[in-house]
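Being a predicted model, the structure only gives us computed values, none of them experimental.
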Amino acid sequence: MKNFILIMCLLLLIACQREEFILETTPTEESFLEDAQLKELVTLIALHDGSFDDVIDNSDCFSINFPYQISYNNVVYSINGKDDLSVFDEADSILPIFPITVTFSNHKQIEILNYEMLLNLQNNCNNGLLLNDFIACVDFNYPMNIALFNSESGNFSTVIYDHDRKTYQSIEGYNANTLASIQYPITINVNHNLNITISNNEELKSTILQYRQVCN
């Protein structure tokens, strides 16, 4: 009987903790995971944007990891960053020097050993077999603090998102018992030139939706 009473007390304590997490915070701090649309939008922003080097790999589903080399008009060029891409355009005949490593939208990486492997990935992207539904014109300004509560264990914790990779992988790894509250204010960057301060979940969602119509 004592064990039964102890178990019931523990269950009530966990239930109260979950209720306090939701009710004692303001609506702007509710878990963004419980809003399916907002969760999807945050995930799409956190996808890796592979479009910046399309002039080299002819695919926005992935990008080639720096540094690497290319052959252009039988001359070898070293590509160490985005600035090195600005002298080329899509009309140029460019071939990466293999092997290269590429990063996909989900931040996974693989090594490409030859042109046939690269061509296969390009075809898969063109046929919709690779993920590339990223939101290109909206970015999070890191770091972002996220308050977590696990309703099963009753544990609170805080994580810091400091890169799209961590944001994406964290969201993918959360289970149904996890509540994740963005600690506002945060700022987002639009079109690489405009910083916007965001104060709550609804404002974040509406702002992303507004600018997504412009860039996608």
Side-chain angles (χ1 to χ4, degrees), residues 6-51 61 103-109 130-192 194-216:
L6 178 60
I7 292 173
M8 291 300 297
C9 289
L10 289 173
L11 290 174
L12 287 173
L13 177 61
I14 292 173
C16 290
Q17 286 176 320
R18 178 183 173 91
E19 181 180 4
E20 289 171 359
F21 181 81
I22 297 174
L23 297 180
E24 288 188 359
T25 58
T26 64
T28 64
E29 296 175 343
E30 291 179 353
S31 174
F32 73 90
L33 302 178
E34 296 186 330
D35 184 328
Q37 186 181 31
L38 179 57
K39 178 183 176 181
E40 179 186 26
L41 292 171
V42 172
T43 302
L44 294 180
I45 291 177
L47 289 174
H48 175 65
D49 180 357
S51 63
C61 294
T103 298
F104 295 101
S105 290
N106 62 3
H107 299 278
K108 292 183 179 180
Q109 301 181 2
L130 295 178
L131 178 67
N132 69 338
D133 193 23
F134 50 82
I135 299 178
C137 66
V138 180
D139 295 293
F140 292 117
N141 287 333
Y142 294 108
M144 293 195 307
N145 292 331
I146 309 295
L148 300 178
F149 175 68
N150 188 297
S151 60
E152 184 176 42
S153 65
N155 292 330
F156 289 90
S157 61
T158 300
V159 297
I160 298 176
Y161 291 167
D162 56 7
H163 190 279
D164 282 342
R165 182 188 302 108
K166 184 170 185 178
T167 303
Y168 178 82
Q169 292 176 344
S170 294
I171 294 174
E172 290 296 294
Y174 292 144
N175 60 39
N177 299 312
T178 301
L179 299 174
S181 171
I182 299 172
Q183 301 303 283
Y184 295 100
I186 64 170
T187 60
I188 62 174
N189 183 273
V190 177
N191 290 326
H192 306 293
L194 175 64
N195 288 320
I196 301 176
T197 300
I198 304 295
S199 301
N200 55 65
N201 284 346
E202 285 302 316
E203 186 179 352
L204 178 60
K205 181 166 62 175
S206 63
T207 304
I208 297 172
L209 289 172
Q210 173 188 348
Y211 286 99
R212 185 185 189 185
Q213 301 302 317
V214 177
C215 66
N216 284 2

Inset, instruction - Report yes if some heavy atom in the side chain of Phe140 is under 4.5 Å from a heavy atom in the side chain of Ile198; otherwise report no. - result: no
Legend entry - Heavy-atom check, side chain of Tyr142 versus side chain of Asp164, under 4.5 Å: yes
Legend entry - Side-chain heavy-atom pair Arg165, Thr103 within 4.5 angstrom cut-off: no
Legend entry - Minimum side-chain heavy-atom gap Leu47-Tyr168 below 4.5 Å: yes
Legend entry - Note, Glu30 side chain near Asn200 side chain (heavy atom, < 4.5 Å): no
Legend entry - Euclidean distance, Leu38 CG relative to Glu202 CD, rounded to 0.5 Å: 8.0 Å
Legend entry - Shortest non-hydrogen contact between Ile160 and Pro143, atoms and distance: CG2-CB, 3.6 Å
Inset, instruction - Could you pull out the closest heavy-atom pair between Phe134 and Gly50, with the gap in Å? - result: CE2-N, 4.0 Å
Legend entry - Straight-line distance of Glu40 CD to Ile135 CD1, nearest 0.5 Å: 8.0 Å
Legend entry - Geometric class of the Phe149/Phe156 ring pair [parallel <30°, tilted 30-60°, perpendicular >60°]: tilted
Inset, instruction - Measure across Ala147 and Gln183 and return the closest heavy-atom pair with its distance rounded to 0.1 Å. - result: CB-NE2, 3.5 Å
Legend entry - Closest contact, heavy atoms only, Asp49 versus Ser51: OD1-OG, 2.6 Å
Inset, instruction - Decide yes or no for Ile188 and Tyr211: does some side-chain heavy atom of the first lie under 4.5 Å from some side-chain heavy atom of the second? - result: no
Inset, instruction - Could you tell me whether the side chain of Ser151 and the main chain of Asn177 form a donor-acceptor pair under 3.5 Å? - result: yes
Inset, instruction - Enter the distance from Gln169:CD to Lys108:NZ here, rounded to the nearest 0.5 Å. - result: 9.0 Å
Legend entry - The single option from Thr167, Asn201, Asp35, Leu33 passing side-chain contact (heavy atoms from CB on, under 4.5 Å) against Val42: Thr167
Legend entry - Neighbour count above 12 (heavy atom, 6.0 Å) for Leu209 CG: yes
Inset, instruction - Find the distance between OG1 (Thr207) and CG (Leu41) and round it off to the nearest 0.5 Å. - result: 11.0 Å
Legend entry - Straight-line distance of Asn145 CG to Ile182 CD1, nearest 0.5 Å: 11.0 Å
Legend entry - Heavy-atom side-chain contact between Leu44 and Arg212 under 4.5 Å: yes
Legend entry - From Thr178 atom OG1 to Asn155 atom CG, the distance as rounded to the nearest 0.5 Å: 10.5 Å
Inset, instruction - Please examine the side chains of Ile171 and Phe32, heavy atoms only from C-beta on, and report whether any two atoms are closer than 4.5 Å. - result: yes
Legend entry - For His107 against His48, the heavy-atom pair lying closest together: NE2-N, 3.5 Å
